[in-house]
Amino acid sequence: METRKAGPLRFDIGGMHCAACSSRIERVVGRMENVERIAVNLATAKAQIWLKPGTEKETVPLIMERVAGMGFSAVPSQEEDVAVQYEKKRRQDEKDRRVRLGRLGPMLVFAVPLLILSMGHMLGMPLPAWLDPHHAPRTFMLAQLALTLPVVWLGRHFYREGLLALIHKAPTMDSLVAVGTGSALLYSLWTTLAGLAGSEPQLRAMNLYYESVAVLLTMIELGQFLEATAKRKAGDAMGALLRLTPETALRLEADGQSREIPLAEVMPGDTLVIRPGARIPVDGSVAGGKSAVDLSLLTGESIPVAVGPGDSLVAGSVNGEGALTMTAEHVGQDTRLARIIRLVREAQGSKAPIARLADRVSFYFVPAVMGIATLAGLAWLVFSDEPATVAVTVFVAVLVMACPCAMGLATPMSIMVGTGRGAQLGVLIKNGAALEQAGRVRAIAVDKTGTLTTGKPVLTGVIPLAAHNEQALVTLAAALEARSEHPLALALVAAGKERGCPACPVDAVDVAPGLGIAGVVTLDGTAWRVALGNAAFMEQNRITPDAAVLERLASLAEAGQTPLLLALAPARAALAGAGDDDSARWQWDGLQMAGILALADALRPESAAVVARLHEMGIRVVMLTGDNERTARAVARQAGLDDADVAAGLLPAEKAGRIRQLQAGGLLVAMVGDGINDAPALAVADVGMAVGSGVDVSAEAGDIVLMRGGMEAVLTALALSRATMRNIRQNLGWAFGYNLLGLPVAAGLLHVFGGPMLSPMIAGTAMALSSFSVVSNALRLRFFKV
């Protein structure tokens, strides 16, 4: 029987409007039996719940029932294609936005005339006698009531959802709006009835709150519409990734004709035609043709990568000017792009530790505001000489000034936008905790090969000895090494291709693993006995380098390069009387030292500058490598590292031990490695940064995947973390500061010292715009650059 993969259950949560909603769901469900942990994201309206193993069947229905009992809904998320989920969410968000817009228009139609009717005389806009409160107070009151009731009807969802939340003992922002505007409406209705009954109609006509009710509901609806519009933009990064994959592909049929088919019909092994300028539909390899592929939208790399037969292609990248055919290998949800999108989705649904403060405050916030509003209203009614209308004003203003929404959106919106922007720049951040931690890193441990260096040895120099030609030496070495799969052999073969060396017949090959290779190579009709390897290989076969050569070898090794010795002798002398027996064609006697070939894993062009920048940021950089000490120190010097910050000859477990030593010194440590040999170190580090190959996101050990490779992506990750955390702190500062300063003013603090009372309309407008300001601030991260 197949079991579900370990991990959280995901639920779509309905009915949440503010941080008080998400916080209460977390608090109540988190205390349920079998629930180990829960995280509710207000911005994405989703919950992740970790259950005790084996309890899913009986616990899921209880969770749904418990959440429904609080006035919300919880439905297990369907395991659908990410693109389908995104499209559903986009359509639902657009539908909600249009519904709000459909309500907002009519509300404005009634609220604006009501505001002019009730407040116009203060701006020098006289009313006709039949509407003037001094001449026709009853008509004035009824006209206001007539304009208010349609607005209240259009905004009835505030009362329905807010009062329902109160009944379930889970008050929300809608509860504050419902109680505040409802109290003002009931007070105004009572005053109107009293005025119509003949009790001082002129006086009562001047003490109505109809305009406050209607304008408040309208402005809150406007604020939520603007917030919904802004939140829709927060998903732009995810949408951009999803749009990278074309909807169709051109499949090459058996008859040699290409046919356009839906992407879902592409199967592994299919041959696809990629036209110039077209997007690659699936992962695979080039079957024919040459071109350059643009990976910029996937990895942030601006330079197209040249590809030819056998080279890998990645879904979502853009073909250049050359036509290609490719063999499909990974399709659908198995492509690298699909894995990237899943990682971004997981990160956007996660929470950062900094959100805990807002969650704790939000849980108590709404009940506390209701208490403050009640106490403030009673205080003005009992202990002041002001009329009762002041107490009503204070009560309503305090309720509508409070905004838990801003607190709830402060963190998840920044994380959503920040992780999406990171994906566009080639930095995949797996969760909010990693995003927060990265900005606090004070030490970075880096692997040498593939991180500071390119990870691919290259021929850096050829030193001919005696009268031998440099091009001939490279030709002989490349031809011989074509029979080997060693990384250094591949580097020599690549160097031969770059230099235009001709292919040469090779036979009688003898390989000594870890030492060198020997064989007979025919160049321009002349057969040569060629031996290529390290000094130990030569000495083992009685070819002793002289003092000058040994000195040159030491110099190259000190510079971090790997020297190979090449010895030659004509093959004809050795073949005399040997017939055609290959075993007799090879003799070590008579070989002479002909040259030195220097190879090195070259330092990445940006490594030294990035290390210098990290030092300027106050971050210690330490190299942990399994390479030998001489080579490691040579590379470290080129990168700008001190010898004290180099640890060489380390096994994977020893790298993890070095990181623990740094942590024991009080440093928060990040590890940058390849995610395979460095997996233990990546797991131990406070932040693991796994270097992907191109857009390889298979490094599960890392908290952050650097899709571009190299050190520039490290700077991007650190800078993005700091920018996102700065954005979150700005949002939280605005959310908390708004309430800390606004609530005392709404309670009448300024009026105590002779200042004005805060109008409920102004309080409601400020509350409506506070969430919009938080979301808008988070959207600035879309334009982040290092």
Side-chain angles (χ1 to χ4, degrees), residues 17-21 23-24 152 155 158-159 161-191 207-217 219-220 223 361-408 735-753 755-771:
H17 299 286
C18 65
C21 305
S23 181
R24 186 165 293 276
V152 172
F158 290 115
Y159 301 97
E161 296 168 4
L163 296 177
L164 184 63
L166 272 179
I167 293 172
H168 287 99
K169 299 179 181 180
T172 66
M173 184 200 74
D174 286 348
S175 303
L176 297 178
V177 174
V179 173
T181 59
S183 301
L185 179 63
L186 291 175
Y187 177 84
S188 299
L189 284 172
W190 176 83
T191 302
N207 290 299
L208 300 175
Y209 285 90
Y210 287 128
E211 82 284 351
S212 293
V213 174
V215 173
L216 269 172
L217 294 175
M219 292 307 299
I220 293 170
V361 172
S362 298
F363 181 77
Y364 300 104
F365 184 79
V366 174
V369 168
M370 289 183 167
I372 292 171
T374 302
L375 291 175
L378 289 174
W380 280 101
L381 184 66
V382 175
F383 299 109
S384 75
D385 297 328
E386 301 284 352
T389 54
V390 172
V392 175
T393 298
V394 167
F395 179 73
V396 175
V398 170
L399 286 177
V400 298
M401 169 63 78
C403 185
C405 270
M407 288 186 286
F736 284 115
Y738 164 84
N739 286 289
L740 289 174
L741 295 175
L743 289 177
V745 173
L749 181 63
L750 296 180
H751 195 59
V752 171
F753 299 99
M757 294 295 297
L758 180 66
S759 166
M761 289 186 293
I762 297 176
T765 302
M767 185 272 279
L769 295 178
S770 62
S771 296

_Does any part of the side chain of Pro387, heavy atoms only, come nearer than 4.5 Å to the side chain of Val390, both counted from C-beta?_
yes
_The criterion is side chain to side chain contact (heavy atoms under 4.5 Å, CB included); which residues satisfy it with Ser175, sequence neighbours excluded?_
Ala165, Leu166, Pro171, Thr172, Met370
*Quick one: closest heavy-atom pair of Val394 and Ala376, and the distance?*
CG1-CB, 3.6 Å
*Look up atom CG in Leu749 and atom CG in Leu741, then write down how far apart they are to the nearest 0.5 Å.*
10.5 Å
*asked:* Quick one, Thr181 and Val396 - any side-chain contact, counting heavy atoms below 4.5 Å?
replied: no
*Tyr210 pairs by side-chain contact (heavy atoms from CB on, under 4.5 Å) with which of Thr191, Val215, Leu185?*
Leu185
*Calculate, to the nearest 0.5 Å, the distance between atoms CH2 and CG belonging to Trp380 and Leu375 respectively.*
14.5 Å
_Which atom of Pro756 lies closest to which atom of Leu750, heavy atoms considered_ = O-CB, 3.8 Å
*Considering non-hydrogen atoms only, spot the tightest contact between Ala391 and Gly377 and give its length.*
CB-O, 3.3 Å
*Check whether any side-chain heavy atom of Leu217 lies under 4.5 Å from a side-chain heavy atom of Tyr159, and answer yes or no.*
yes
*asked:* Is any side-chain heavy atom of Met757 closer than 4.5 Å to one of Glu386?
replied: no
*asked:* Please report the interatomic distance SG(Cys21) to CD(Glu161), rounded to the nearest 0.5 Å.
replied: 9.0 Å
